[in-house]
Amino acid sequence: MNYWLMKSEPDAFSIDDLKRKKQEAWDGVRNYQARNFMRDGMRPGDRVFFYHSNCAVPGIVGIAEVATDAYPDPSQFDPKSHYFDPASTRDKPRWMLVEVKFVKKLKRTISLYELKSDPALEGMPLVRKGNRLSVMPVEAADWKYILAME
DNA sequence: GCCAACGTTGGC
DNA sequence: GCCAACGTTGGC
């Protein structure tokens, strides 16, 4: 089993939205590295830190689970969608998604500030300067360490 | 709202 | 294939 971190802007889709909907297709990823993690790395059962970005207190707010293998993101074919990609075809879809399901909400937000402040976590891609990846792997040791911070 | 850090695009 | 211009992400 592998561990991941996925970012979402709470204004667009928050951990509470996932809790209410139970499961959600993670559409709109338009970055090749992030796509590759979903397509090649993720398997059903993998665990995911749900991260709130672009908000007052960015940080990890909950846990989700990968619910499906990757499949083509339907929004890339929809001309009305914000995520429409005219260069993508159904024969050779460019963008993939996985569905994730709600596991739990953390009792508190483990903030980016805290994660950055802890020398034990300085190897995490999340805390590296300028990192903009919205989907990234988490080391098993870091996963356990962060859970213990809750 | 600003802007640094990236990723992508397209002219050449 | 280089790289300038542009667009986006996301912390602050």
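Per chain, numbering begins at 1; letters A, B, ... match sequence-line order. Only a predicted model underlies this, so the values are computations on that prediction, with no experimental measurement involved.
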The ring pair (Phe, Tyr, Trp, His ring centres under 6.0 Å) partners of A:Tyr3 (sequence neighbours excluded) come to A:Trp143
Quick tally for nucleotides 4-12 of chain C: nucleotides whose base has a protein heavy atom under 4.0 Å get B, sugar-phosphate-only ones S, the rest -, giving ---BBBBBS
Result block: side-chain N/O donor-acceptor pairs under 3.5 angstrom for residues 83-94 of chain A, not counting sequence neighbours:
residue	atom	partner	partner atom	Å
A:Asp85	OD1	A:Ala87	N	2.9
A:Asp85	OD2	A:Arg94	NH1	3.3
A:Asp85	OD2	A:Trp95	NE1	2.8
A:Ser88	OG	A:Gln76	OE1	2.7
A:Ser88	OG	A:Arg94	N	2.9
A:Thr89	OG1	A:Lys92	N	3.0

To the nearest 10 degrees, what angle separates the axes at the start and end of the helix from B:dG1-C:dC12 to B:dC12-C:dG1, five pairs each? 10°
Kindly write out the residues that satisfy salt bridge (Lys or Arg N to Asp or Glu O under 4.0 Å) with A:Lys144, not counting sequence neighbours, or none if the list is empty. none
Please compare A:Arg128 and A:Arg94 by the position of their nearest nucleotide in DNA chain B and report the one closer to 5'. A:Arg128
Could you state the interatomic distance from CD (A:Glu65) to NZ (A:Lys101), rounded to the nearest 0.5 Å? 4.5 Å
Contacts of type ring pair (Phe, Tyr, Trp, His ring centres under 6.0 Å), residue A:Phe50, not counting sequence neighbours: A:Trp26, A:His52
Closest-nucleotide mapping onto DNA chain B: is A:Tyr32 or A:Gly130 further toward the 5' terminus? I mean the 5' end. A:Gly130
May I ask you to list the residues sharing a hydrophobic cluster with A:Tyr71, side-chain cutoff 4.5 Å, ordered by chain and number? A:Leu97
For residues 122-134 of chain A, run the donor-acceptor check on the side chains, cut-off 3.5 Å, and write out each pair with its distance to 0.1 Å, sequence neighbours left out.
residue	atom	partner	partner atom	Å
A:Asn131	OD1	A:Leu133	N	3.3
A:Asn131	ND2	A:Pro125	O	3.3

Pairing residues for A:Glu99 by the salt bridge (Lys or Arg N to Asp or Glu O under 4.0 Å) criterion, not counting sequence neighbours: none
